[in-house]
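Take a look at the structure below.
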Amino acid sequence: MEIARRAAGISPSPTLAIDAQAKAMKAKGIQVINFSAGEPDFDTPEHIKEAAVAALKAGFTRYTPVAGIPELRQAVCDCLKARGLSYEPADIVVSCGAKHSLYNAMQVLLNEGDEVILCAPYWVSYYEQVKLAGGVPVVVNTDAATDFKLTPDALKAALTPRTKLLILNSPCNPTGVVYSRSELEALAEVILVHDLMVISDEIYAALLYDGLNHTSIASLGPEIKERTIVIDGVSKTYAMTGWRIGYAAAPRAIATAMTDLQSHSTSNPTSIAQKAALAALTGSQEPVAAMRNEFARRRDRILTGLRELPGVECNQPGGAFYVFPFIGKLLGRRFRDRVLNNSTDAAAVLLQEYQVAVVPGVAFGTDPYLRLSYATSMEQIEAGLERLAAFVRELQ
């Protein structure tokens, strides 16, 4: 049986594949240090779980409106208001995770052949979702020297008559980069002049360090807001990855189209998870602050440890829970009888020989880097740094 061309052209998520491999090794009793997963290791806060239990006991187990229950959409509006964004519930579409929200947005925005600008390193699923919507990914490369940020000049240089959409991610996965207000204002000028649309992925907006503040590009004025779809969710902020609740805030016509599309795919997100998400957004935010403080402590430790490794360099991330170290000075060297030619080789040796799971930078469109998630315990970070040091020492 021949499958459709669009399905045959899909590449599996490398981050999920490596995480699955690490978990399979753990299931066999192998002591793997897993830096691959973009998933908080904390449990979902108790008051959120209690809301889900209450929903079950109340029999809240039937279909809801496709775009989400009204009180949850209102809670999203209230949360976005704190970012300087004014939306009404009809502008909000709640979906089965932020990844689903991104997929819906690209499906309703893109026509065959439309070009979409991605800033590399980029989150792995952007590229595949653009292709699935018939779009053409146009990758603009950045590096550590510019803190992995897209500049107005680089954006202008990538534009063609077919450019329709720019995808922004701040704080960024995999680099942890956070765009300042002035940097976003400069990009917005180019966006408006060239009549582009923007998807602003803000899933890590609550995870900022060093006194940094989050700025949404949609908050810079009514003109840019009308060209922006804001994506967020509860997965990272509230340790609710498995609950699968994300949302989009968009101009009304786009929100309506996304809702119509969703009505023919998943229908509504899970009713019980919506009640849990409502409790997350409207309840105590103390657990979020506690998680953020612990992430900051872990970031500082893993950053120090990586910078102590000979030949490894690493920029300081301002948000999310990832580090993205440069390993170019390690490449071309030998590990036993094997030459390390790229980040994929390095990641393979680390997993096979040292039981350390990391994601090669090539998965994010950039080499030679590795992505490590510090959404794991300090004990695991310490053990992982020891194994990384042993790996570097053995290189010839």
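All of these numbers come straight from a predicted model, not from anything done at the bench.
Between L150 and Y179 there is a side-chain heavy-atom pair separated by less than 4.5 Å. The shortest side-chain heavy-atom distance between L102 and I229 does not fall under the 4.5 Å cut-off. Side-chain contact check for Y122 versus I167: every heavy-atom pair is 4.5 Å or farther apart. Y238 has its side chain out of reach of T44: every pair of non-hydrogen atoms, C-beta onward, lies at least 4.5 Å apart. A 4.5 Å side-chain heavy-atom check between M240 and I48 finds at least one atom pair inside the cut-off. Taking 4.5 Å as the limit, some side-chain heavy atom of V130 sits within range of a side-chain heavy atom of M106. At least one side-chain heavy atom of P121 sits under 4.5 Å from a side-chain heavy atom of F324. Here the side chains of L187 and V198 are not in contact, with every heavy-atom distance at 4.5 Å or above.
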Yes or no on side-chain contact (heavy atoms from CB on, under 4.5 Å) for T160 and T163, after CA distance, side-chain angles and deciding distance?
-> CA-CA 5 Å; T160 76; T163 307; 3.6 Å; yes
Does the salt bridge (Lys or Arg N to Asp or Glu O under 4.0 Å) test come out yes or no for E185 and R181, once each step is laid out?
-> CA-CA 6 Å; E185 287 173 339; R181 184 179 186 88; 3.4 Å; yes
In sequence, state the C-alpha distance, the side-chain angles, and the governing distance for Q380 and S377, and then conclude on side-chain hydrogen bond (donor to acceptor under 3.5 Å, both in side chains).
-> CA-CA 5 Å; Q380 291 285 287; S377 70; 4.9 Å; no
Using the side-chain contact (heavy atoms from CB on, under 4.5 Å) rule, take C314 and L303 through it: C-alpha gap first, then chi angles, then the decisive distance, then the call.
-> CA-CA 7 Å; C314 193; L303 193 60; 3.6 Å; yes
May I have the step-by-step check of side-chain contact (heavy atoms from CB on, under 4.5 Å) for L166 and H194, ending in yes or no?
-> CA-CA 11 Å; L166 166 67; H194 293 277; over 6 Å; no
Could you walk me through whether L372 and I302 pass the side-chain contact (heavy atoms from CB on, under 4.5 Å) check?
-> CA-CA 9 Å; L372 288 75; I302 198 168; 4.1 Å; yes
Should E202 and S200 be marked as a side-chain hydrogen bond (donor to acceptor under 3.5 Å, both in side chains) after you check the CA-CA gap, both sets of side-chain angles, and the distance that decides it?
-> CA-CA 6 Å; E202 303 178 16; S200 181; 2.7 Å; yes
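A donor-acceptor distance shorter than 3.5 angstrom exists from the side chain of Q285 to the backbone of A280, with no hydrogens or angles considered. Y209 contributes a side-chain N or O that, together with a main-chain N or O of A320, makes up a donor-acceptor pair within less than 3.5 Å. When atom types are taken as modelled, the side chain of D345 and the backbone of N341 share a donor-acceptor pair closer than 3.5 angstrom. Between the side chain of K164 and the main chain of L109, a donor-acceptor pair closer than 3.5 Å is present. Side-chain atoms of N173 never come within 3.5 Å of backbone atoms of W123 as a donor-acceptor pair (strictly under, hydrogens ignored). The closest donor-acceptor contact from the side chain of K131 to the backbone of G9 lies under 3.5 Å. Remark: side-chain polar atoms of R292 are paired, donor with acceptor, to backbone N or O of A206 under 3.5 angstrom. When atom types are taken as modelled, the side chain of D143 and the backbone of A145 share a donor-acceptor pair closer than 3.5 angstrom. For the pair R299 (side chain) and Y374 (backbone), a donor-acceptor distance under 3.5 Å is absent. For K236 (side chain) and A205 (main-chain N/O), no donor-acceptor pair under 3.5 Å exists by modelled atom type.
Remark: R6 CZ is loosely packed, at most 12 non-hydrogen atoms of other residues, nucleotides or ligands lying under 6.0 Å away. Within a 6.0 Å radius of CD in Q396, other residues, nucleotides and ligands contribute more than 12 heavy atoms. The local environment of NZ in K81 is sparse, with at most 12 non-hydrogen atoms from other residues, nucleotides or ligands closer than 6.0 Å.
The distance from the CG atom of L330 to the CG atom of L370 is 8.5 Å, given to the nearest 0.5 Å. Note: I381 CD1 to I33 CD1 = 10.0 Å, rounded to the nearest 0.5 Å. Residue I191 holds its CD1 atom at 6.0 Å from CG of L168, rounded to the nearest 0.5 Å. Distance CD1/I18 to CG/N34: 9.5 Å, rounded to 0.5 Å. Note that the OG atom of S219 and the CG atom of L80 stand 10.5 Å from one another [nearest 0.5 Å]. Rounded to the nearest 0.5 Å, atoms CD (E308) and OG1 (T304) are 6.5 Å apart.
When hydrophobic clusters are built by joining Ile, Leu, Val, Met, Phe, Trp and Tyr residues whose side-chain heavy atoms come closer than 4.5 Å, directly or via intermediates, L388 is grouped together with I327. Under the 4.5 Å side-chain heavy-atom criterion for Ile, Leu, Val, Met, Phe, Trp and Tyr, F335 and L350 are members of the same hydrophobic cluster. Hydrophobic cluster membership differs between V349 and V359, with clusters built from Ile, Leu, Val, Met, Phe, Trp and Tyr side chains linked at under 4.5 angstrom. Linking ILVMFWY side-chain heavy atoms closer than 4.5 Å, directly or via other members, places V76 and I231 in two distinct hydrophobic clusters. By the rule that hydrophobic residues join a cluster once side-chain heavy atoms approach within less than 4.5 Å of another member, F391 and F326 end up as members of separate clusters.
Between Q262 and V66 the shortest heavy-atom distance is NE2-O, 2.9 Å. For the residue pair V94 and G68, the shortest heavy atom distance occurs at CB-CA, 4.1 Å. The two residues R371 and P174 come nearest to each other via the heavy atoms CD-CB, 3.3 Å. Of all the heavy atoms in L184 and S216, the pair that sits closest is CD1-C, 4.4 Å. When every heavy atom of V178 is checked against every heavy atom of G318, the shortest pair comes out as CG2-C, 3.6 Å. When all heavy atoms of P287 and H47 are compared, the pair lying nearest together is CG-CE1, 4.3 Å.
Not less than 6.0 angstrom separates the ring centroid of Y322 from the ring centroid of F364.
Salt-bridge annotation for R298 and E294: present, with a side-chain N of the basic residue lying under 4.0 Å from a carboxylate O of the acidic one.
Within the structure, every pair that satisfies the side-chain hydrogen bond (donor to acceptor under 3.5 Å, both in side chains) test and touches residues 61-77, not counting sequence neighbours, is listed here: T64-Q274, E71-K275, Q74-D78.
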